[in-house]
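Below is one structure, written out as structure tokens; comments come after it.
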Amino acid sequence: MSVFQAPRGTYDLLPPDSATYLAVREAIAAPLRNSGYGYVETPGFENVELFARGVGESTDIVTKEMYAFETKGGDRLALRPEGTASVLRAALEASLHKQGVLPVKLWYSGSYYRYEKPQKGRYRHFSQVGAEAIGAEDPALDAELIILADQAYRSLGLRQFRILLNSLGDKECRPVYREKLQEFLRGLDLDEDTRRRVEINPLRVLDDKRPEVQRQLTGAPSLRESLCEACRAYHQEVRELLTEEGVSFTDDEKLVRGLDYYTRTTFEFVHDGLGSQSAVGGGGRYDGLSEMIGGPALPSVGWALGVDRTVLALEAEGVRLDLPAPTSVFAVPLGEQARRVLFGVVTQLRRKGVAADFAYGGRGLKGAMKVANRSGARYAIVAGERDLAEGIVQLKDMESGEQSPVPLSAVVTEIEARLS
Ligand code: AMP
């Protein structure tokens, strides 16, 4: 029988590369933890209706990309294609918005699923770290989230990313614009699919990447000019806050994003080294989503950054993260008695928090030293019967190659001292 393979559009994270993924998740989470965001975890699947209503019946995500299924018990579920609807659902269900001061600030990290055509940077299973600030309308909150994402990317050493920023208007000015835009789009020469989109979700047409569509869009009514006074002032305040904090961005009137729930502020982080799948993260304000899924009015804002694409962006920029070696000390016993003694030393080191590993499987000295080398350990402890008879072990500095005898009773403290 041949070996099974991972399903199409998925891949496995394996050592040593998996360490980079963990570090990226951690780097994105760190600024959030440091800014009042609490960790939230929701199930990998939800009622399919939550996404249909939340993300939008007319979006590609819901119509084409969702893994929806019926359980044996007859429940209609879907693997989560994104995080915001689930997090808001969880917050509403637990009445977090009634328990303290708003906004409720939450962050999350997990797997998401979309039945997309796989290509580099676009998978059917991918990872995001996200943040949501629920229940407050304040331009400083929008700015905070953008600044924290910028900080996360910078802390990883990324430089070739850009922030695209737009405002999509609110329930006052957006419908007026929508109609104006529809009228314009109906006069264009568009294929059937796009015509249908004009009727259901005309703003998405602005986002069409095809040159023949883009060409026709010159002269389309401007969303920016249709913003009501309140939206305009809000947007201006977000921009000023970002500028004051030294975060540069590009105004992009055409940025509409693929989800229906966005209002006012929307933004995307794009990386120039990634080819067609250039969005590494995105988000925005979703003031109407809570009501769309049966909750009270809770103006909110959030983002999700893609872990997979962030790792690709690091590769594209040639950034290598400075990750500590997973193992600091590697023990190589020679003989049965040494095996017992060094096993004890390794256990003691681990209990003290020193990353230590052991040559299992009764290898000879040469083979075991090879494993020690490959582990990246800074020190190797080698001991045979003669050493133990003298109450010592050999401590080898793997960088300089120097080896010196150390009393067995002192080896743990000696290593701790040398590593600190
Ligand atoms: P979205 O909710 O579509 O804006 O996604 C937010 C971020 O998640 C994107 O900027 C990507 O980094 C990542 N992402 C979305 N879909 C995929 C996918 N199919 N494969 C890999 N990453 C994805």
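Ligands are counted one by one from 1 in listed order, and the atoms in each one are counted from 1 as well.
For F126, every heavy-atom contact with ligand 1 shorter than 4.0 Å involves the side chain, none the backbone. The part of Q128 lying near ligand 1 is the side chain, judged by heavy-atom distances below 4.0 Å.
Between G83 and Q128, the closest heavy-atom pair is N-OE1, 4.3 Å. A279 approaches V270 most closely through the heavy-atom pair CA-CG1, 4.1 Å.
Nearest-heavy-atom check against atom 21 (C) of ligand 1 across G121, P81, G130 picks out G121. When G9, G281, G306 are ranked by how near their heavy atoms come to atom 10 (O) of ligand 1, first place goes to G281. With atom 1 (P) of ligand 1 as the reference point, the heavy atom nearest to it among R114, H271, E268, K120 is part of R114.
Not less than 6.0 angstrom separates the ring centroid of F330 from the ring centroid of F358.
The residues E82 and R114 are annotated as not salt-bridged, no charged nitrogen and carboxylate oxygen being separated by less than 4.0 angstrom.
Between the side chains of R89 and N47, not a single donor N or O lies within less than 3.5 Å of an accepting N or O. Neither side chain, Y21 nor D308, offers a donor N or O lying under 3.5 Å from an acceptor on the other.
No donor-acceptor pair under 3.5 Å is formed between the side chain of S95 and the backbone N or O of K98.
Residue-ligand proximity: D308 is placed with every non-hydrogen atom at 4.0 Å or more from ligand 1. In this structure, E82 does not count as a contact residue of ligand 1, since none of its heavy atoms falls inside 4.0 Å of the ligand.
Taking every heavy atom of Y123 and a limit of under 4.0 angstrom, the matching atoms of ligand 1 come to 18 (C), 19 (N), 20 (N), 21 (C). Residue A304 has at least one heavy-atom neighbour below 4.0 Å for each of these atoms of ligand 1: 6 (C), 7 (C).
Not one N or O of G282 is nearer than 3.5 Å to an N or O of ligand 1, by distance alone. Considering backbone and side-chain N/O of A279, one or more are found under 3.5 Å from N/O of ligand 1. Taking only nitrogen or oxygen atoms, main chain and side chain alike, R122 does not reach within less than 3.5 Å of ligand 1.
In this structure, D189 CG and R215 CZ are separated by 11.0 Å, a value rounded to the nearest 0.5 Å.
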